[in-house]
Amino acid sequence: MSEDDNNMEEYPTEIHDYLAAFEKSLGSVDEMLKTMMSVSRSELLQKLDPLEQAKLDLVSVYTLNSMFWVYLATQGINPKEHPVKQELERIRTYMNKVKEITDKKKASKLDKGAASRFVKNALWEPNAESEHTSKTSTKGKKRQ
């Protein structure tokens with residue numbers, strides 16, 4: 001028997017696709033961790049502004065806690081009843097705060113001067129039109 005046949009006997013065939021996808025995901029996580037660990041944290045943080053540093057720290061701690069969640073599940077412990085659940089919720093709260101700050105930075109700002117000029121020029125002014133018509137009527141009289 002080949003090694004794959006032995007592995008197939010250890011778990012139900014229905015979950016083979018799920019396990020294959022899980023293995024592929026673990027490989028992606030491993031590659032990402034190797035990439036992050038190849039650069040020292042201080043070097044990485046020097047290249048980032050404070051908001052980006054906060055995002056990096058939040059993603060890192062969320063990832064670690066998520067991996068711990070998976071570890072608990074594989075050990076037969078219900079992670080929903082473990083303090084890691086509250087920690088993940090706390091981290092999500094901070095992630096939302098950082099997202100709000102980022103969204104506020106991206107939001108367009110109102111140029112009050114331009115807006116007031118736009119509104120002033122767009123509105124009809126009765127005095128200005130009567131002056132305009134009187135000027136054109138006097139010009140017409142002069143030509144005659």
Side-chain angles (χ1 to χ4, degrees), residues 1-140:
M1 276 209 264
S2 71
E3 188 176 326
D4 287 334
D5 291 337
N6 285 337
N7 289 340
M8 292 297 284
E9 291 176 13
E10 294 177 16
Y11 58 86
T13 56
E14 300 87 39
I15 63 170
H16 178 73
D17 292 337
Y18 293 113
L19 290 175
F22 181 68
E23 185 177 22
K24 184 179 178 184
S25 296
L26 282 178
S28 298
V29 169
D30 188 40
E31 287 177 28
M32 200 58 123
L33 285 174
K34 285 179 183 175
T35 304
M36 287 189 69
M37 300 303 277
S38 67
V39 179
S40 73
R41 186 168 166 16
S42 59
E43 276 183 51
L44 187 60
L45 291 179
Q46 286 175 354
K47 297 176 186 176
L48 301 174
D49 65 355
L51 189 60
E52 294 297 319
Q53 290 176 9
K55 286 180 182 180
L56 177 67
D57 288 340
L58 286 169
V59 166
S60 298
V61 74
Y62 189 83
T63 302
L64 287 171
N65 279 284
S66 296
M67 291 171 70
F68 186 66
W69 176 286
V70 172
Y71 170 76
L72 290 173
T74 61
Q75 298 303 308
I77 300 169
N78 185 358
K80 293 178 183 178
E81 297 171 358
H82 193 275
V84 73
K85 182 179 183 214
Q86 287 82 20
E87 184 64 15
L88 284 168
E89 289 172 0
R90 185 180 74 85
I91 296 166
R92 273 192 221 117
T93 302
Y94 287 112
M95 289 174 114
N96 287 334
K97 287 181 183 181
V98 168
K99 185 179 183 309
E100 287 174 14
I101 292 169
T102 304
D103 290 346
K104 283 181 185 178
K105 279 188 170 183
K106 288 181 183 177
S108 60
K109 296 182 179 164
L110 177 66
D111 182 358
K112 291 181 183 178
S116 65
R117 288 190 302 274
F118 178 77
V119 170
K120 182 179 178 183
N121 291 327
L123 293 176
W124 176 72
E125 294 180 22
N127 293 340
E129 189 166 305
S130 63
E131 287 177 16
H132 180 67
T133 55
S134 64
K135 285 181 184 177
T136 55
S137 62
T138 57
K139 285 181 184 178

Test side-chain contact (heavy atoms from CB on, under 4.5 Å) on Thr63 and Met32 and set out the steps.
-> CA-CA 11 Å; Thr63 302; Met32 200 58 123; over 6 Å; no

Check the pair Arg41, Asp57 against side-chain contact (heavy atoms from CB on, under 4.5 Å), reporting the backbone distance first and the verdict last.
-> CA-CA 10 Å; Arg41 186 168 166 16; Asp57 288 340; 2.9 Å; yes

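With a 4.5 Å cut-off on side-chain heavy atoms, Ile91 and Glu87 count as touching. Side chains of Met67 and Val29 form a contact here, defined as non-hydrogen atoms less than 4.5 Å apart.
Of all the heavy atoms in Pro79 and Val84, the pair that sits closest is O-CG1, 4.0 Å. When all heavy atoms are compared, the tightest approach of Leu45 to Gln53 is O-NE2, 2.8 Å. Summarising the geometry of Lys85 relative to Lys80, their closest heavy-atom pair is CD-O, 3.4 Å, with the distance given to 0.1 Å.
For residues 24-74, every residue pair satisfying the ring-ring contact (aromatic ring centres under 6.0 Å, His included) rule, not counting sequence neighbours, is listed here: Phe68-His82.
Rounded to the nearest 0.5 angstrom, Thr74 OG1 and Leu72 CG are separated by 7.5 Å. Once rounded to the nearest 0.5 Å, the distance linking CG of Asn96 with CG of Leu58 reads 10.0 Å. Here the CG-OG1 distance, from Leu51 to Thr102, works out to 4.0 Å after rounding to the nearest 0.5 Å. Taking NZ of Lys105 as the reference point, atom CD1 of Ile101 lies at 8.0 Å (rounded to 0.5 Å). Met95 contributes atom CE, which lies 10.0 Å from atom CG of Leu88 (distance to the nearest 0.5 angstrom). Between the CG atom of Asn65 and the CZ atom of Arg92 there is a distance of 10.0 Å, given to the nearest 0.5 Å.
Under a cut-off of 6.0 angstrom, the local environment of CD in Gln86 is crowded, with over 12 non-hydrogen atoms contributed by other residues, nucleotides or ligands.
For the pair Lys34 and Glu31, the salt-bridge criterion is not met [side-chain N within less than 4.0 Å of a carboxylate O]. Remark: Lys55 engages Glu52 in a salt bridge, criterion side-chain N to carboxylate O under 4.0 Å.
When atom types are taken as modelled, the side chain of Asp30 and the backbone of Leu26 share no donor-acceptor pair closer than 3.5 angstrom.
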